[in-house]
K.L.:
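Below is a structure I'd like to ask you about.
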Number of protein chains: 4
Amino acid sequence: MFKDDQHLTEKQKGILAAATELFAEKGYAATSTSEIAKKAGVAEGTIFRHYKSKKDLLLTIVSPTMIKVISPMVKKDINKVLDKEYDTFQDFLRAMIANRITFVKKNTSLLRIFIQELPFHEELKKQVIEQIGKDVLERLREVIRHYQGKGQIIEMHPDTIIRVAAASTLSYILAKYVVFPEVDWDEEAEIERMIQILSDGIAVKNSD
Amino acid sequence: MFKDDQHLTEKQKGILAAATELFAEKGYAATSTSEIAKKAGVAEGTIFRHYKSKKDLLLTIVSPTMIKVISPMVKKDINKVLDKEYDTFQDFLRAMIANRITFVKKNTSLLRIFIQELPFHEELKKQVIEQIGKDVLERLREVIRHYQGKGQIIEMHPDTIIRVAAASTLSYILAKYVVFPEVDWDEEAEIERMIQILSDGIAVKNSD
Amino acid sequence: MFKDDQHLTEKQKGILAAATELFAEKGYAATSTSEIAKKAGVAEGTIFRHYKSKKDLLLTIVSPTMIKVISPMVKKDINKVLDKEYDTFQDFLRAMIANRITFVKKNTSLLRIFIQELPFHEELKKQVIEQIGKDVLERLREVIRHYQGKGQIIEMHPDTIIRVAAASTLSYILAKYVVFPEVDWDEEAEIERMIQILSDGIAVKNSD
Amino acid sequence: MFKDDQHLTEKQKGILAAATELFAEKGYAATSTSEIAKKAGVAEGTIFRHYKSKKDLLLTIVSPTMIKVISPMVKKDINKVLDKEYDTFQDFLRAMIANRITFVKKNTSLLRIFIQELPFHEELKKQVIEQIGKDVLERLREVIRHYQGKGQIIEMHPDTIIRVAAASTLSYILAKYVVFPEVDWDEEAEIERMIQILSDGIAVKNSD
DNA sequence: AATGAATGAGGTTTCATTCAT
DNA sequence: AATGAATGAAACCTCATTCAT
């Protein structure tokens, strides 16, 4: 994840990777800098040459800068879906969910840290909400309007539809992959039914 | 919360309450026993007279025993909704959501701890899932079947419907009250639309 | 020095004594808390139970509170001289110098710390100057006026006389006992001549 | 100060200057080599290319070699006063004090380091005392004898007179410019009175 | 000569836990 | 039961020094 970013030395990348993994696994407060150093294969002092403090290390992983590195990845990733033209909103939903699942699977550690540490860092929370929010929201609105234009989705403020759909799908995905990764649900079927229900709720009712 | 429970002394209740609040606020690992002692108004040593270790204190708060104390409260609480007869499934949903919001508001601290600490305690996770799951699930199934019997809900395995509805509503509530308590949404309207969409997705389509 | 002060435990007194000695000997920054702990015969953690930080330990030794403990000692000490009636101002000077030498000899460590660390602690400097200054200065003024009244000292503002006499004698004493304790001067004779010169400079010239 | 000295490169002079300033400001032990490097505008490693260790850097600043660099400056400086012929010993004293004040003002940092670090370096102390002592003392003796020859100063061993006068004036100057630079005294008047008293103490009494 | 990343010993500080009172 | 001083292991962090470039 941190491989091609900027001009980081191998050691720095190693430290970031080790810290990310350990923070995700055990939580920030329960991870010691000596563990990080050992896992990264560097001396403990080396960590502090690059990051003023343990907290600074966390913020670097999770900071605006990092978000700026990730956010484009996210957007580019999402755009793969947004740029395609789907016949029905259901198809779009299905593709979107598949896409998000892939993303979550690839970034479980980072997301876990976000979920775990966000509550303790007010400023960060706001930044995340704004940054990710604004960037992605506008694109999604376009999509909703697009399918509304095609007469496939009920006329309702796009934000509301996004919110309900996103709340349902994202929280479903997060719950499944980040919070309870070991619980075994029948994914395929489950998702299909979720799509069914959601799109039924959102779709224009022919005969109404 | 710990007031009428069992045979706890005042000090013990104070310790549990202080610990719960601090764990929720700062996280388990970032809370020191001396802080707990100060907040509870007892000496540091006193904590260890009642709880073998700090971890023991956490487990007590979050443990099966505690769940058994809380679970009945939860069930009793939920039953207020389940026991009533609602004309439509929509009414039921609305009441249920209102009921859950009240519950979450009253138990924010405890829920926050669950969310924060569950990932780090495998055994606990299973217990919570089973305990709460079994107890409540069966009742909910009955409700779904009830409204299916009345022809208001599509014929689909109750668990699926519950999962989708619960995932949407609960994660909505948790996000709103526990994870992002300071973000200001237009609650009333938002919930109403969510209900709309959900029940539309779940409801039997007249004209189909 | 810290024996009968307040309600300190034996350990605390030991820590203060050890720290005072080591700070004086090697300087504050060059003294490690582990050295202090070892010398005081306590665990390192014990130091931090009583003093928030190493700096706090220094400030305690050298602080207003400490000054308040020492200042009375100083004043009481000085008063032994001030309260007596001396025939000539020379006799007074002689007694005063002997008295200060005794004091300096008894508090070499503490004074050394003051001299070493004062330059780095602005606030402290002011406090020391004010505290000691005010308390003692007024008494000394009285003495000067007293001998001026007897016609033994030239009419000049008491403060100036005090400043010259004090600067000469005190800095002589400090240099001799604190800064260069190992240089071997012929004390008796040296002091006697100093008194000679000073009192000659200050005394009323008979034949003028 | 280190500008025209010897064959030092620009970098070396920069390091010495930065170190001198910082040692004076914060003390030797509290100054880090990285601070020195930053202030001098060189890499950390560069310091150790020129000076074996941090201690070596201090010793270079404060060492016999340095003293040999400074001592001539001091002597040359003092000689400006010694070489002139003054009508009265008072005039000489006045010129001498002015000269010393100029010197102290120009070398505050270095003097501060001497005062701060001397107590912790026995050998150094001896060297300073000998070096500066011998060089300057003989010249001063001549001066005293000179004014004794003119019948202006009492017959007393020159060293004693020097010691009293020097102790008074130097310690006055040091206190004023190095130890308590921010306290605001009325310099002119204060010095004049000091000269008055000292010379009265030392002068030959006409009418005795 | 100069750099600055890397080191690791050691510094300060925190904290869960024990124990004499 | 309750206290809180004491502990010591381990946490976070600093820094003089080395070394490959």
K.L.:
Whether B/Lys54 engages the ring of B/Tyr28 as a cation-pi pair (distance to the six-membered ring centre under 6.0 angstrom, angle to the ring normal within 45°) should be assessed.
P.N.:
yes

K.L.:
Return the value, rounded to whole Å, for the distance between atom NZ of C/Lys54 and atom P of E/dT12.
P.N.:
4 Å

K.L.:
Taking the nucleotide of DNA chain E with the closest heavy atom to each, which residue, C/Thr31 or B/Ser34, is nearer the 5' end?
P.N.:
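It is C/Thr31, whose closest nucleotide lies nearer the 5' terminus.
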
K.L.:
Nearest of F/dT7, E/dT7, F/dT3 to any side-chain atom of B/Ala43?
P.N.:
F/dT3

K.L.:
With a 4.0 Å limit, can you tell me whether D/Thr46 has a side-chain N or O closer than that to the phosphate oxygens OP1/OP2 of E/dT3?
P.N.:
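For E/dT3, OP1 or OP2 has a side-chain N or O of D/Thr46 closer than 4.0 Å.
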
K.L.:
With nearest nucleotide decided by heavy atoms, which residue, A/Lys55 or C/Gly41, maps closer to the 5′ end of DNA chain F?
P.N.:
C/Gly41

K.L.:
Does any nucleotide pair with E/dA9 by Watson-Crick or G-U wobble geometry, both distances under 3.5 Å, and what is it?
P.N.:
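Per the H-bond distance test, F/dT14.
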
K.L.:
Starting at OG of A/Ser34, measure out to CD1 of A/Ile47 and round the result to the nearest 0.5 Å.
P.N.:
8.5 Å

K.L.:
Checking side-chain polar atoms at under 3.5 Å, does C/Glu44 have a donor or acceptor matched by the opposite partner on C/Thr33?
P.N.:
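Yes, because at least one side-chain N or O of C/Glu44 sits under 3.5 Å from a partner of the opposite role on C/Thr33.
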
K.L.:
In Å, rounded to the nearest 0.5 Å, how long is the span from OG1 of D/Thr60 to NZ of D/Lys52?
P.N.:
9.0 Å

K.L.:
What integer distance in Å separates C/Glu35:CD from E/dG11:P?
P.N.:
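Whole-Å distance recorded here is 7 Å.
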
K.L.:
What is the distance, rounded to the nearest whole Å, between atom CZ of B/Arg49 and atom C1' of E/dC19?
P.N.:
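Computing the B/Arg49:CZ to E/dC19:C1' distance gives 10 Å.
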
K.L.:
Could you give the OH-to-C1' distance, from D/Tyr51 to E/dA2, as a whole number of Å?
P.N.:
15 Å

K.L.:
Between C/Glu35 and C/Lys38, is a salt bridge (charged side-chain N to carboxylate O under 4.0 Å, His left out) present by the stated rule, with each step listed?
P.N.:
CA-CA 5 Å; C/Glu35 282 176 290; C/Lys38 197 182 291 170; over 6 Å; no

K.L.:
How close or far is atom P of E/dA1 from atom CD of D/Gln12, stated in whole angstroms?
P.N.:
7 Å

K.L.:
Checking contacts here: which listed nucleotide (E/dA16, E/dT3, F/dC15) is nearest the side-chain heavy atoms of D/Ser32?
P.N.:
F/dC15

K.L.:
Identify which nucleotide among F/dA1, E/dA1, E/dG8 has an atom closest to any side-chain atom of D/His50, counting heavy atoms from C-beta outward.
P.N.:
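Among the listed nucleotides, the one closest to the side chain of D/His50 is E/dA1.
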
K.L.:
Please pick, from E/dT13, E/dT17, E/dG11, the nucleotide with the shortest atom-to-atom distance to any side-chain atom of B/Phe48.
P.N.:
E/dT17

K.L.:
Give the nucleotide from the list F/dA16, E/dT12, F/dC12 with an atom nearest to the side chain of D/Thr33.
P.N.:
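Closest nucleotide among those given: F/dA16.
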
K.L.:
Quick one: on DNA chain F, does C/Lys11 or D/Gly45 contact a more 5' nucleotide (nearest heavy atom)?
P.N.:
C/Lys11

K.L.:
If we call it a pair only when both distances are under 3.5 Å in a Watson-Crick or G-U wobble match, what pairs with E/dA20?
P.N.:
F/dT3

K.L.:
Between D/Ile15 (CD1) and E/dT3 (C1'), how many Å, whole number?
P.N.:
12 Å

K.L.:
Rounding to a whole Å, what distance do you find between A/Lys38:NZ and E/dT7:P?
P.N.:
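Atom-to-atom, A/Lys38 to E/dT7, this comes out as 15 Å.
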
K.L.:
If I take atom CD1 in residue A/Ile47 and atom C1' in nucleotide F/dC12, what distance separates them, rounded to the nearest angstrom?
P.N.:
10 Å

K.L.:
Go through E/dA16, F/dT17, F/dT7 for me and flag the one nearest to the D/Glu44 side chain.
P.N.:
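Given the options E/dA16, F/dT17, F/dT7, the side chain of D/Glu44 is closest to F/dT17.
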
